[in-house]
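What you see is a predicted model, and the numbers here were worked out from it, not measured in a lab.
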Amino acid sequence: MLLEDYGFIGDLQTSALVGRNGSIDWLCMPSFDSGSCFAALLGGPEHGRWLVAPAAEPVGVTRRRGSGPPRLIRIVEGLRGRVPMRMHLSLRPDYAAVTPWVEAVADGAVATAGPDAFHLCTTVPLEIRSGTVESEFVAVESGRYRFALDRYASFEPAPVVEDAESALARTVKWWRDWTGRCTYKGAYRDEVIRSLIVLEGMTDETTGAIVAAPTTSLPEALGGVRNWDYRYCWLRDSVLALEALLAGGYTGEALAFRDFLLRVGTGDPADVQIMYGIRGERRLTEFEVDHLPGYEGSAPVRVGNAAAEQFQLDVYGEVLSVAYKGAEALGRIEPHMWPRWRAVIEYVEGIWQEPDEGIWETRGLRRHFTQSKVMAWVVFDRAVRLAEGFGLDAPLEQWRRTRDEIHHEICERGYDPVRGTFTQYYGSAELDASVLLIPLVGFLPPSDDRVTSTIDAIRNELGRDGFVSRYSTTDTDDGLPGGEGQFLACSFWLVSALALNGRVDDARVLFERLLGLTNHLGLLAEEYDVPAGRQVGNFPQAFSHLTLVGAACAITVAERAQAVDPVDGASAV
């Protein structure tokens, strides 16, 4: 099944992908990063799924979104006539490594496998065959047929089952109330709200963490090996997440995420990682699941992510940007926060000249990546702003000098005056779409000639049918074979850069083309394979939806600026 055929449901603890055919093909319980109990997405039905569908081929599909406590509830509603239905529940815990023992109980069935137990509650007659639960029934007009699946620890009693109808009503009300709080009034409001819903659905309500995606190992190129586990929280996404949530008026959610980052991103600055588990776990050991063939044969399937052990200079810029955005939102900075932020600033003073693996987690040589140095500049720029704005004790002159030194070095070593573009790393000829962040973080004005020429170079050389690649996998040694699709976040960054550069019409055209890539529920994966015309990579992808919100905001800002100053709208931003 194509990624575009899946819907996304979540309860702020975990989430599932539901196909158009009525099959839930991916679910990890009880949390985003738990072992999967349905993994058909990365193999076939034998690797676990839950199908509820008409026995015959359906003539149409309608989707309703819903969630609730940590349980999965499904309701079949008979609208008219008589429709033969089938239900097939194949639980395969621990990434399909285990076939559970299944037995009938008074209100359904129970499946047990080591520490995991699952209770299916329904009044529909069931049959148990070879570790699966099946049912055939007829849906009649006005009939409603309910199924509830709970996961619980096998050494504990099964939880009390909530009435499915009350759970549905409660869930619908919760999401309507949540979306009703959105204060965003700019361009593309409906699309922004949809992306914010997706982001909330990938948020752990207990810790405030936002996972990069609810899936693992969906390939960046069909049949390739660039398959990674994204069920973790990247510092790279943190500022974008805060900006998106604040743009929607969700200050509480933004500050909860900030507090998560405070817990994991401070302490000894030398120990800051690029990503963490949803509870702040540091050890995300990567291993391969050999018995899963992978999505459309794209192997290996990976659990964990070795990139957590990399050194990425840019994460410190993310940490200080989060501090700055949080202080802006609150109108103050808590006294106990400043010593933590200051420790990060002082640490970066001693390491900003070192090479790193860069924002894209390349598995090749360390380099002096331009974007990494820009984010080092952000550390000192935001530090100065915080100290000045809130009257904090700080060596301001020293930080200003460091900020200016980094700025000068980037403009000298990271910019190619012959080609008129910022490059991937110092002394290289390669391009990298991450330098589109230069105007977005305030390193240079959006109307600067160097920004304009960089935008044009990236459009011309990294663009494919108008969409942007992160970098050329042919020209750049990233330590991996094969290629990848066009990176949707980079394409949305291009929208933002074009808008703030004064080319709002071009920005709108590209933005609307990108919206055309979303599936029927407005969902986006990480990348888009232009030749195949398909979404690829983990799905849905927070980075794509975060930058969608940012691009809509940039178009709004640019249009308002042009309305104020039609002659020179860009400089008015």
Side-chain angles (χ1 to χ4, degrees), residues 184-192 194-195 240 243-244 247 371 374 415-416 419-424 431-472 485-518 522 524 527-530 533 535 543-573:
Y184 179 77
K185 305 296 184 185
Y188 303 100
R189 175 176 161 82
D190 289 346
E191 290 80 5
V192 166
R194 170 56 62 188
S195 287
L240 294 173
E243 290 176 340
Q371 187 270 347
V374 169
Y415 182 77
D416 183 345
R419 297 174 63 203
T421 183
F422 285 93
T423 59
Q424 186 178 56
L431 292 180
D432 193 307
S434 65
V435 298
L436 290 170
L437 288 170
I438 283 173
L440 306 187
V441 300
F443 182 83
L444 287 175
S447 58
D448 189 284
D449 289 343
R450 291 165 292 183
V451 169
T452 301
S453 58
T454 297
I455 291 171
D456 292 338
I458 289 173
R459 289 179 81 183
N460 294 333
E461 298 184 39
L462 291 183
R464 185 162 189 175
D465 193 29
F467 306 122
V468 177
S469 300
R470 293 188 293 180
Y471 50 83
S472 169
Q486 281 54 63
F487 206 76
L488 294 177
C490 294
S491 299
F492 282 117
W493 279 342
L494 178 57
V495 171
S496 297
L498 285 168
L500 300 182
N501 188 244
R503 291 182 267 183
V504 183
D505 290 342
D506 288 351
R508 272 192 173 271
V509 168
L510 177 55
F511 189 80
E512 290 174 6
R513 288 196 64 209
L514 288 163
L515 292 181
L517 304 182
T518 63
L524 287 168
E527 300 181 4
Y528 183 70
D529 185 328
V530 169
Q535 294 193 38
F543 210 5
S544 299
H545 285 280
L546 288 168
T547 49
L548 184 157
V549 175
C553 291
I555 289 172
T556 300
V557 168
E559 288 183 335
R560 289 173 179 170
Q562 286 188 341
V564 173
D565 187 353
V567 176
D568 189 15
S571 64
V573 175

From [X] atom [atom1] to [Y] atom [atom2], the distance as rounded to the nearest 0.5 Å:
X: Phe543; Y: Phe492; atom1: CZ; atom2: CZ; result: 12.0 Å
X: Leu514; Y: Leu524; atom1: CG; atom2: CG; result: 8.0 Å
X: Asp449; Y: Thr454; atom1: CG; atom2: OG1; result: 10.5 Å
X: Leu510; Y: Ser496; atom1: CG; atom2: OG; result: 10.0 Å
X: Tyr528; Y: Gln535; atom1: OH; atom2: CD; result: 8.5 Å
X: Arg464; Y: Ser472; atom1: CZ; atom2: OG; result: 11.0 Å

For [X], side-chain contact (heavy atoms from CB on, under 4.5 Å) partners two or more places apart:
X: Ala507; result: Val495, Leu498, Ala499, Ile555
X: Glu243; result: Val239, Leu240, Lys325
X: Ser453; result: Tyr415

Listed partners of Thr421 passing side chain to side chain donor-acceptor pair (under 3.5 Å), at least two apart
none
Side chain to side chain donor-acceptor pair (under 3.5 Å) with Arg513: which residues, sequence neighbours excluded?
Asp465
Pairwise ring-ring contact (aromatic ring centres under 6.0 Å, His included) hits with a residue in residues 432-465, at least two apart
Trp377-Phe443, His407-Phe443
Indicate the atoms forming the closest heavy-atom contact of [X] with [Y], along with that distance.
X: Arg470; Y: Cys490; answer: CG-SG, 3.9 Å
X: Ser469; Y: Gln486; answer: OG-NE2, 3.0 Å
X: Arg450; Y: Phe422; answer: CB-CE1, 4.0 Å
X: Ala244; Y: Leu546; answer: CB-CD2, 3.9 Å
X: Glu559; Y: Val504; answer: CG-CG1, 3.6 Å
X: Ala187; Y: Arg508; answer: CB-NH2, 3.9 Å

Tell me, which pairs form a side chain to side chain donor-acceptor pair (under 3.5 Å) where one or both residues lie in residues 544-553, sequence neighbours left out?
Ser195-His545
List, one per line, each side-chain donor-acceptor pair under 3.5 Å for residues 431-440, sequence neighbours excluded.
from   : atom 1 : to     : atom 2 : distance (Å)
Asp432 : OD1    : Trp360 : NE1    : 2.9
Asp432 : OD1    : Ser434 : N      : 2.9
Asp432 : OD1    : Ser434 : OG     : 2.8
Asp432 : OD2    : Trp360 : NE1    : 3.3
Asp432 : OD2    : Gln424 : NE2    : 3.1

Take Val468 and Trp493 through the test side-chain contact (heavy atoms from CB on, under 4.5 Å) and record every step on the way to the result.
CA-CA 9 Å; Val468 177; Trp493 279 342; over 6 Å; no
Name all residues meeting the salt bridge (Lys or Arg N to Asp or Glu O under 4.0 Å) criterion together with [X]; count only those two or more places apart in sequence or in a different chain, and write none if there are none.
X: Arg419; value: Glu461
X: Asp190; value: none
X: Arg503; value: Asp456

Any residue meeting ring pair (Phe, Tyr, Trp, His ring centres under 6.0 Å) with Tyr184, in chain and number order, not counting sequence neighbours
none
Quick one: does Leu515's side chain get under 4.5 Å of Tyr188's, heavy atoms only?
yes
